[in-house]
Amino acid sequence: MVKWTADDMPDQHGRTALVTGANSGLGWETALALARKGAHVVMACRSVSKGETARDQIVQQVPGASLELLSLDLSSLDSVRQAAETFRARHDRLDLLFNNAGVMALPYSKTADGFEMQFGVNHLGHFALTGLLIDRLIATPGSRVVTTTSSAAFYGR
């Protein structure tokens, strides 16, 4: 069995990565690992204040890290459109898109657009974001989209 760690990640200088849900959990760990390798990391977070705290924690570990906050609420397609427009205005390339943010086991509720919340945030919001940034991905040689999911998917019928 081959064991891979973040230390095996190649240099990321000159690359731009957008990570959704970058203020906690796997999103934060992804942002930290990318920052350590020199990427410019766009931390897309629903809560700007939590995003600022997460950014500060990364800078403590990686002084001089190239980090940028982007407000993104995946439960609102208007917010997804605005975040994509903001990203597009600031960046001509997108090397890595990490569709990571998610919600789980919420009481029944709906997104601003009327979709069931978990489906709207975890799937539709990321689908829309990817579609709105696809030109940047296509224009960037070697770009990648990584979508995080839960192993709970294996329990469905």
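Everything quoted here is computed from the prediction, not taken from an experiment.
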ILVMFWY network linking Val145 to Leu18, side-chain heavy atoms under 4.5 angstrom: yes

Minimum heavy-atom distance Ala31-Met43, with the two atoms named: CB-CG, 4.5 Å

Test item: Met9 and Trp4 side chains (from C-beta on) under 4.5 Å apart, heavy atoms: yes

Inter-residue atom distance Thr140.OG1 - Asp92.CG, 0.5 Å rounding: 8.5 Å

Residues, nucleotides or ligands: over 12 heavy atoms within 6.0 Å of Arg46 CZ: no

Minimal non-hydrogen separation, Asp113 against Leu77, with atom names: OD2-N, 2.8 Å

Nearest heavy-atom neighbours spanning Arg90 and Leu69: NH1-O, 3.6 Å

Check: Ala105 main-chain N/O paired with Gln118 side-chain donor or acceptor under 3.5 Å: yes

Full working for side-chain contact (heavy atoms from CB on, under 4.5 Å) between Leu72 and Leu129: CA-CA 10 Å; Leu72 171 64; Leu129 180 65; 4.0 Å; yes

Residue among Ser75, Ser76, Ser71 satisfying side-chain hydrogen bond (donor to acceptor under 3.5 Å, both in side chains) with Asp73: Ser75

Same apolar cluster (I L V M F W Y, side chains within < 4.5 Å links), Leu74/Val19: no

Heavy-atom closest contact (Val80 atom, Gly125 atom, distance): CG1-O, 3.9 Å

Common cluster, Met104/Met117, ILVMFWY with side-chain heavy-atom separation under 4.5 Å: no

Heavy-atom pair of closest approach, residues Gly102 and Asn122: CA-OD1, 3.1 Å

Exam field: side chain Asp95 to backbone Ala17, donor-acceptor pair closer than 3.5 Å: no

Flag if over 12 foreign heavy atoms under 6.0 Å of NZ, Lys37: yes

hydrophobic_cluster_shared for Leu70 and Leu26, side chain cutoff 4.5 Å: no

Within residues 8-41 or reaching into it, pairs that qualify as ring-ring contact (aromatic ring centres under 6.0 Å, His included) - sequence neighbours excluded: His40-His91

Side chain proximity check, Leu96 to Gln12, heavy atoms < 4.5 angstrom: yes

Salt bridge (charged side-chain N to carboxylate O under 4.0 Å, His left out) contacts touching residues 127-149 (sequence neighbours left out): Arg88-Asp135

Residue pairs, two or more places apart or on separate chains, that pass ring-ring contact (aromatic ring centres under 6.0 Å, His included) and touch residues 136-157: none

Polar contact flag, side-chain donor to acceptor under 3.5 angstrom, Ser47-Asn23: no

Gap separating the SG atom of Cys45 from the NZ atom of Lys50, nearest 0.5 angstrom: 10.0 Å

Nearest-0.5 Å distance, OG1 of residue Thr130 to CG of residue Asn99: 4.0 Å

Distance-only donor-acceptor check, side chains Gln57 and Thr53, under 3.5 Å: no

Pairing residues for Phe119 by the ring pair (Phe, Tyr, Trp, His ring centres under 6.0 Å) criterion, not counting sequence neighbours: His123

Shared hydrophobic cluster, Val59 / Val62 (ILVMFWY, side-chain heavy atoms < 4.5 Å): yes

Asn100 side-chain N/O to Thr20 backbone N/O, donor-acceptor pair under 3.5 Å: yes

Val41 side chain reached by Ile58 side chain, heavy atoms, under 4.5 Å: no

Heavy-atom closest pair, residues Leu94 and Ser143: O-CB, 3.4 Å

Side chain to side chain donor-acceptor pair (under 3.5 Å) partners of Asp8, counting only residues at least two apart: none

ring-ring contact (aromatic ring centres under 6.0 Å, His included) contacts touching residues 127-152 (sequence neighbours left out): none

Spacing of His126 atom NE2 and Thr148 atom OG1 [to the nearest 0.5 Å]: 8.0 Å

side-chain contact (heavy atoms from CB on, under 4.5 Å) evaluation trace for Arg81 with Leu132: CA-CA 7 Å; Arg81 283 185 203 94; Leu132 291 166; 3.9 Å; yes

